[in-house]
Novice: 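Have a look at the structure that comes next, please.
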Amino acid sequence: MSIKLNALFSDSYVDISQYRDQHFKGNRYEQEKLLKQSCTLYVGNLSFYTTEEQVHELFSKSGDVKRIIIGLDKVKKTACGFCFVEYYTRADAENAMRFINGTRLDDRIIRTDWDAGFKEGRQFGRGKSGGQVRDEYRQDYDPARGGYGKLVQKS
Amino acid sequence: MSRRRHSDESDAGSQPHKRRRTSEPIEIEDRLESLICRVGEKSTSSLESNLEGLAGVLEADLPNYKSKILRILCAVARILPEKLTVYTTLVGLLNARNYNFGGEFVEAMIRQLKETLKSNLYSEALYLVRFLSDLVNCHVIAAPSMVAMFENFVSVTQEEDIPQVRSDWYVYAVLSSLPWVGKELYEKKDVEMDRLLNQIEGYLKRRQKTHVPMLQVWTAEKPHPQEEYLDCLWAQVQKLKKDRWQERHILRPYIAFDSVLCEALQHNLPPFTPPAHSDDAVYPMPHVVFRMFDYTDAPEGPVMPGSHSVERFVIEENLHCIIKSHWRERKTCAAQLLSYPGKNKIPLNYHIVEVIFGELFQLPGPPHIDVMYTALLIELCKLQPGSLPQVLAQATEMMYMRLDTMNTTCIDRLINWFSHHLSNFQFRWSWDDWADCLTQDIEKPKPKFVKEVLEKCMRLSYHQRIVDIVPPSFTALIPANPVCSYKYGDEADSSLPGLAMTTTVGNAIKNRASNEEILIVLKDVPNPNQDDDDDEGDGFNPLKIEVFLQTLLHLAAKSSSHSFSALAKFHEVLKTLTDSDEGKLHILRVLYEFWRNHPQMISVLVDKLIRTQIVDCAAVANWIFSPEMAHDFTRFYVWEILHSTIRKMNKHVQKIQKELDEAKVKLEKQQNKKQLVRIDQTDNWRFGFWLVTMSSHSIELVPETTYAVEEGLLHFFIFFIFYFFKSYLDSQTLQKLLLFRRKQSSYA
């Protein structure tokens with residue numbers, strides 16, 4: 001007798017996004033399968049100065065955090081504005097996607113997305129200069145992310 | 001906007017066997033669902049003309065899709081209570097066009113009602129009862145048969161040996177339907193209704209209300225008494241009756257169709273006997289009505305309905321229902337709340353804020369996760385930037401003024417909400433408005449509240465930020481700079497015991513010494529507790545713990561990750577040093593001493609120590625309740641640690657209980673392999689089970705399950721589980737050992 005009325009009750013904050021990790025070892029199907037059962041979130045648009053403790057305080061609001069891995073500049077080995085947050089349960093991670101994604105940390109709107117799972121090496125930025133790719137090409141001035149984009153800085 | 005799920009859009013190539021959507025009937029069914037669920041949304045025509053149109057479409061589809069339509073309508077009745085009258089109107093129109101369909105719908109609803117009651121889905125059952133009662137207004141159900149059902153409900157109050165919450169629910173189901181159908185029922189059956197209400201009144205007078213003080217957010221009666229929910233509803237119904245059942249708030253689309261509907265033939269509800277009470281019935285808990293606003297608080301605009309007006313009840317019910325439907329999607333939820341029909345006649349922002357805080361502060365726990373309410377309030381502020389933030393500020397101010405009588409758990413939630421909320425708005429607040437707290441004793445609620453808020457704000461930012469956002473007068477309430485306190489640093493007194501050893505230990509750690517090497521180094525640390533030679537050096541040695549842990553924590557102080565790595569690397573050393581209960585207690589003391597200015601770090605490291613089994617939950621509890629921690633007893637971080645510890649313990653016990661139950665089930669299936677041991681009991685033995693489970697994630701110790709022995713002859717079944725388990729092993733993850741232990745001392 002019971003039907004779910006899919007048309008009505010979406011849970012879109014929990015859906016996987018269009019992003020796929022190009023360095024993922026496996027095919028698209030495998031990556032999507034992992035994303036759909038993952039307990040790990042990628043967190044982006046962090047300030048370079050945001051600490052692990054701040055991330056922990058915020059993300060603990062949706063459940064017990066298993067570990068946090070701060071993203072590092074590959075060359076400088078300093079924080080470069082992203083991190084991974086791993087929960088013990090999927091349900092806790094889903095609540096983070098619903099209620100912490102799109103809110104502020106260190107006065108910046110942060111963005112969370114599903115991650116297929118942390119592997120050694122993934123804590124490093126993939127931009128040519130060592131930081132994140134997005135910081136290579138951006139034109140704006142962002143004091144919390146090293147000022148101008150790297151391309152602008154070099155010119 | 002397409003409601004297709006993302007998985008459909010990225011179907012191409014993503015799944016090896018893509019399901020092809022070829023069958024038309026499935027699409028038509030989805031369309032029906034969409035039509036029904038979205039009736040009246042985003043339409044330029046009136047709701048009434050949309051309903052009329054939809055009734056026509058559905059009537060035409062009845063020959064082919066009757067059962068699907070029935071199921072959809074039953075589902076909306078159950079799940080969309082905030083749109084109750086829209087769908088009762090629709091059913092009314094369908095019944096007028098097709099009497100048989102109306103009859104089948106009523107039957108389906110009764111079946112659904114029985115199922116929900118049997119499945120402990122009491123809030124859904126409530127919506128179904130309300131739906132049925134409103135069908136009386138739509139001429140689908142005959143009023144006398146509805147009264148008869150209500151009479152059966154109220155007769156539950158005569159049942160003996162039932163939990164009060166059972167009869168409570170049936171009374172509540174009747175009373176909470178009366179705002180919708182009271183008028184109609186009284187017009188047709190006033191004598192019976194009077195009798196019904198008298199019975200209810202009698203019941204309400206004699207029922208127990210010892211639970212009320214436990215559930216109240218404020219203990220004070222002023223300015224708004226926190227009433228028990230049935231008492232409040234009763235007062236509201238009484239007032240409605242006095243007003244001759246004139247109710248003007250509820251949106252009733254069926255009024256426009258009166259000429260059509262009154263031509264329709266009505267159905268009689270079959271006699272409905274409430275299902276008997278059973279032991280596994282779980283009735284809803286009682287609650288207290290949360291009120292923080294009245295008409296004096298909304299300065300301009302529409303007047304807020306009084307606390308005993310039925311309008312207030314209906315508004316609050318509907319807002320709660322909207323949150324229940326849409327809590328997962330905060331933008332939708334906020335939009336739905338703000339587009340509440342009839343919003344122009346009420347101070348909607350005040351109602352919304354009151355309902356949200358009512359849920360957040362609900363005791364024992366809110367219906368949804370706390371952080372949802374923070375996110376929802378932020379969305380509401382975004383959608384109504386000119387009005388909602390002011391209402392929220394007013395609410396915060398009010399709650400600050402009433403801290404003296406607020407339940408401590410609710411204060412904790414308020415602190416967490418407020419600090420998180422501020423962190424989204426650059427911590428902008430008129431702190432000077434709260435300067436009155438500066439002259440009070442720092443242990444009083446107001447200064448304590450501000451202090452705890454600032455501490456939480458600091459956790460989400462950094463110390464200097466907090467210094468910058470508060471006026472200089474608030475310095476005393478600013479949290480300590482969260483730096484570590486290394487007792488063996490450069491300023492340490494040269495006579496401090498163990499000081500010299502810290503350099504040795506520090507160097508060993510820096511030179512990547514192994515656990516064994518560290519233990520050897522530590523052997524030279526004298527034990528201030530012992531005079532005689534402890535050859536092994538394995539007894540409890542507080543100085544060893546201090547020297548090692550302080551040095552380790554100091555080297556790893558950079559971040560929590562560094563500290564976690566350090567604890568992991570030297571797990572063996574720590575396990576050895578904390579082998580005894582005193583050792584476990586001391587490690588917590590040392591940790592506290594080192595990080596006493598950084599409560600968050602203490603919390604995080606205690607969690608890690610428990611999960612890696614260096615300390616157990618009992619040690620944490622002993623430490624928290626020890627005399628040395630008395631000075632911090634009213635600081636919230638201590639309770640945060642305690643709650644977190646208890647939660648971990650609970651989850652762990654649940655997990656082990658589940659595994660034990662599963663093991664017992666498996667065992668019962670293998671009856672012939674069981675070994676029985678009979679023991680004549682003469683003394684009082686206690687037998688304990690130790691189940692040590694090793695999972696692939698962490699090592700966990702299970703609390704001992706003890707079986708106290710009774711006097712006389714007893715049969716003991718001792719299950720040598722590990723023999724049995726070899727056959728059932730999930731060898732990749734679990735291995736269970738059963739150790740049989742006799743204990744003569746009781747387990748604390």
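These numbers come from the heavy atoms of this one structure, side chains and all, not from hydrogens, waters or symmetry mates.
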Novice: Would you mind checking which part of B:Gln600 comes under 4.5 Å of any heavy atom in chain A, side chain (CB onward), backbone (N, CA, C, O), both or neither?
Specialist: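 For B:Gln600, the contact with chain A is made by the side chain alone.
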Novice: Considering only heavy atoms, which portion of B:Met458 lies under 4.5 Å from any heavy atom of chain A: side chain, backbone, both, or neither?
Specialist: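 No part of it gets close to chain A.
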Novice: With only heavy atoms counted, which part of A:Thr103 is less than 4.5 Å from chain B, the side chain, the backbone, both or neither?
Specialist: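 Looking at A:Thr103, backbone and side chain both touch chain B.
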Novice: For the residue pair A:Phe99 and B:Trp327, what are the closest heavy atoms and their distance?
Specialist: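 Minimum heavy-atom contact is CE2-O, 3.4 Å.
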Novice: Check the pair A:Asp64, B:Lys648 against salt bridge (charged side-chain N to carboxylate O under 4.0 Å, His left out), reporting the backbone distance first and the verdict last.
Specialist: CA-CA 10 Å; A:Asp64 290 335; B:Lys648 277 192 278 289; 5.7 Å; no
Novice: Once you round to the nearest 0.5 Å, how far does CZ of A:Arg104 lie from CD of B:Gln426?
Specialist: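 One finds 6.0 Å between CZ of A:Arg104 and CD of B:Gln426.
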Novice: Would you compute the distance between atom CG of A:Asn95 and atom NE2 of B:His368 and round it to the nearest 0.5 angstrom?
Specialist: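 Answer for the CG-NE2 pair, A:Asn95 versus B:His368, is 11.0 Å.
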Novice: Tell me whether A:Phe24 at atom CZ has more than 12 heavy atoms from other residues, nucleotides or ligands lying less than 6.0 Å away.
Specialist: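 Above 12, so yes.
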Novice: Atom CZ of B:Arg328 and atom OG of A:Ser12: how far apart are they, to the nearest 0.5 Å?
Specialist: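 Here the rounded value is 11.5 Å.
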Novice: Should we count CZ of A:Arg126 as having more than 12 external heavy atoms under 6.0 Å?
Specialist: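 For A:Arg126, atom CZ is crowded (more than 12 foreign heavy atoms under 6.0 Å).
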Novice: Do B:Asp370 and A:Lys61 touch side chain to side chain, with heavy atoms closer than 4.5 Å?
Specialist: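 They are not in side-chain contact.
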Novice: Side chain, backbone, both or neither: which part of B:Ser325 has a non-hydrogen atom closer than 4.5 Å to chain A?
Specialist: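 Both backbone and side chain.
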Novice: Using a cut-off of 6.0 Å, state whether more than 12 heavy atoms not belonging to A:Lys77 lie near its atom NZ.
Specialist: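 Count over threshold, so yes.
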Novice: Need one label for A:Ile68: side chain, backbone, both or neither, based on atoms under 4.5 Å from any heavy atom in chain B.
Specialist: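 A:Ile68 touches chain B through backbone heavy atoms alone.
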Novice: Is there a side-chain contact between A:Leu58 and B:His420 (heavy atoms, below 4.5 Å)?
Specialist: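 Yes, side chains in contact.
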Novice: Counting C-beta onward and ignoring hydrogens, is there a side-chain heavy-atom pair between A:Glu57 and B:Lys456 closer than 4.5 Å?
Specialist: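 Sidechains of B:Lys456 and A:Glu57: in contact.
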Novice: Give a yes or no on whether A:Lys154 atom NZ has more than 12 heavy-atom contacts from other residues, nucleotides or ligands under 6.0 Å away.
Specialist: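 Correct, the count exceeds 12.
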Novice: Need one label for B:Asn424: side chain, backbone, both or neither, based on atoms under 4.5 Å from any heavy atom in chain A.
Specialist: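 Both parts, backbone and side chain.
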Novice: Counting heavy atoms not belonging to A:Lys74, are there more than 12 under 6.0 Å from its NZ?
Specialist: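 No, NZ of A:Lys74 has 12 or fewer neighbouring heavy atoms, counting only those of other groups under 6.0 Å.
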Novice: Given the options A:Lys33, A:Arg108, A:His56, which has more heavy-atom pairs under 4.5 Å with chain B than any of the others?
Specialist: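 The candidate making the most pairs under 4.5 Å is A:His56.
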Novice: How far apart are the C-alpha atoms of B:Arg611 and A:Tyr88, what are their side-chain angles, what is the distance that settles it, and do they pass the side-chain contact (heavy atoms from CB on, under 4.5 Å) test?
Specialist: CA-CA 12 Å; B:Arg611 289 187 193 269; A:Tyr88 289 97; 2.9 Å; yes
Novice: About how many Å separate OG of B:Ser561 and CD1 of A:Ile69, when rounded to the nearest 0.5 Å?
Specialist: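 Spacing of CD1 (A:Ile69) from OG (B:Ser561) equals 7.5 Å.
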Novice: Counting only heavy atoms closer than 4.5 Å, note whether B:Leu460 contacts chain A via side chain, backbone, both or neither.
Specialist: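 Both backbone and side chain.
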Novice: Taking NZ in A:Lys119 as the centre, count heavy atoms belonging to other residues, nucleotides or ligands within less than 6.0 Å. Is the count above 12?
Specialist: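 12 or below, so no.
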Novice: To the nearest 0.5 Å, tell me how far A:Glu53 CD sits from B:Ser560 OG.
Specialist: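 Answer rounded to 0.5 Å: 3.5 Å.
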Novice: Is there a donor-acceptor contact under 3.5 Å from the side chain of B:Arg330 to the main chain of A:Arg98?
Specialist: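 Yes.
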Novice: Does any backbone or side-chain atom of B:Lys608 lie under 4.5 Å from a heavy atom of chain A? Answer side chain, backbone, both or neither.
Specialist: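 Interface part for B:Lys608: side chain.
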